[in-house]
2 protein chains.
Amino acid sequence: MHPFATVGDVPKDLSERPSFLIGQLGYLMGKRFSELLRPLGIQPPHFGLLSYLADEEGQTQQQLADRMSVHRNVMVGLVDDLQGMGLVERRRHPEDRRAHALYLTDEGRSVLVRANGIADEHDTMLVGALDSEDQGQLLEWLQLLAESNGLAPKVHPALQDAGKSQTP
Amino acid sequence: MHPFATVGDVPKDLSERPSFLIGQLGYLMGKRFSELLRPLGIQPPHFGLLSYLADEEGQTQQQLADRMSVHRNVMVGLVDDLQGMGLVERRRHPEDRRAHALYLTDEGRSVLVRANGIADEHDTMLVGALDSEDQGQLLEWLQLLAESNGLAPKVHPALQDAGKSQTP
DNA sequence: TATTGTTATACTCTATAACTATA
DNA sequence: TATAGTTATAGAGTATAACAATA
């Protein structure tokens, strides 16, 4: 018995803590998805950008930055990358000459389809050890916990830490 | 319907992917635990170190580094921090004069007790929206998935990415 | 004056190597 | 020769600020 067990209970093992298990698994998810995407030449934030852009083409960088909750400075780099690979195009915005209107190329659409397939594999790797019914129950609980813990849907918190819009 | 839905199905929403939800929640766990620990002046890796040291005092830095799967260079900094706060002591090792034998101070034990309490709160924040029975089921599933995805128990993968022992 | 996109700078973290003292 | 601990260096990633063009 530990001398510091003042409340009468033994300190809990890390692997009995849901927060630790989720932390372990969450870190692994980012790393593994990144590796799975490597053959496509993109990273998870690029995948998010392509997905958001597919939802509605012609958006400006600022609009996409707001939706993904990334700083607009970061968006420049993401778009540079994707444009360099020929996956997106910057066109002139029809109403605002300061802004760019972004569009997917055919290659960009193709890469997005493949990336979605990789994400499916990725999900299967994660929850494949559970039967189909349990997978469904787990998904519901995760959605519930994401909401009860204040997470915005479809926004990865790693991208939104930076102060976004304040220009002092 | 999207023009790239070649396989006949619409791309899945990010918040319907267990991998994305776990990724969101996992990132939040690290950030929030870090904030919760701030009043104690320590960070999550320090908490891990204190826990491992409480399991068995007198361990060397290398032993602790192996168990936590951190590089020994990183361990130096963690021990420096904790020693600077008066939470651990470096004593002479009785059998190997190269090594230090590490011990908790009374203050270190006290901080560990409080940190365990904070970790309990942290867990409750995460799963509090589920009833007690569901919390139990979720914990089982998370333990199963951690194992089926190759995670070592009680080792946070963020700390073990660095090559550890190779001295070329 | 505020906003879009861009660039440059600084800061943090971490990875790698190299050094010492012992074994 | 190998190992425990330490220190220094360099690189990646990220935050902050500043800028030009346009609204």
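Residue numbers begin at 1 in each chain, while the letters A, B, ... track the order of the sequences.
Rounded to whole angstrom, the span from the CD atom of A:Glu95 across to the P atom of C:dT4 amounts to 14 Å. What separates CD of B:Gln62 from C1' of C:dA21 is a distance of 15 Å, to the nearest Å. Rounded to whole Å, the distance from OH on B:Tyr27 to C1' on D:dG13 is 12 Å. The CG atom of A:Asp81 sits 12 Å away from the P atom of D:dT14 (whole-angstrom rounding). The distance between atom CZ of B:Arg72 and atom C1' of D:dT7, rounded to the nearest whole Å, is 12 Å. Counting to the nearest Å, the P atom of C:dT16 and the CE atom of B:Met75 are 18 Å from each other. The interatomic distance linking B:His71 (NE2) with D:dA8 (C1') rounds to 13 Å, in whole Å. Regarding B:Lys31, its NZ atom lies at a distance of 11 Å from the P atom of D:dA15, rounded to whole Å.
In the set D:dA23, C:dG5, D:dG5, C:dG5 carries the atom at the smallest distance from any side-chain atom of A:Thr60. Closest to the side chain of A:His100, out of C:dA23, D:dG5, C:dT6, is C:dT6.
Both A:Met85 and A:Leu36 belong to a common hydrophobic cluster when Ile, Leu, Val, Met, Phe, Trp and Tyr are linked at side-chain heavy-atom distances under 4.5 angstrom.
A salt bridge links A:Glu57 to A:Arg109: one of the charged nitrogens lies within less than 4.0 Å of a carboxylate oxygen.
The line from NE2 of B:His93 to NE2 of B:His100 is 11.5 Å long, rounded to the nearest 0.5 Å.
For the pair B:Gln63 and D:dA4, the criterion of a side-chain N or O lying under 4.0 Å from OP1 or OP2 is not met. An OP1 or OP2 oxygen of C:dT20 is reached within less than 4.0 angstrom by no side-chain nitrogen or oxygen of B:Arg97. The phosphate of D:dG5 (OP1 or OP2) has no side-chain N or O of B:His93 nearer than 4.0 angstrom. In this structure, A:Gln61 does not reach the C:dT4 phosphate: none of its side-chain N or O atoms is under 4.0 Å from OP1 or OP2.
No side-chain heavy atom of B:Tyr27 sits under 4.5 Å from any side-chain heavy atom of A:Tyr27.
One can find a donor-acceptor pair under 3.5 Å joining the base of C:dT7 and the side-chain atoms of A:Asn73.
Taking the six-membered ring where tryptophan is involved, the planes of B:Phe33 and B:Phe47 are perpendicular, since the angle between them exceeds 60° and thus also 30°.
Both A:Arg98 and A:Asp80 lie near DNA chain C, and the one whose nearest nucleotide falls closer to the 5' end is A:Arg98. For A:Gln43 and A:Asp96, each mapped to the nucleotide of DNA chain D holding its nearest heavy atom, the one lying further toward the 5' end belongs to A:Gln43.
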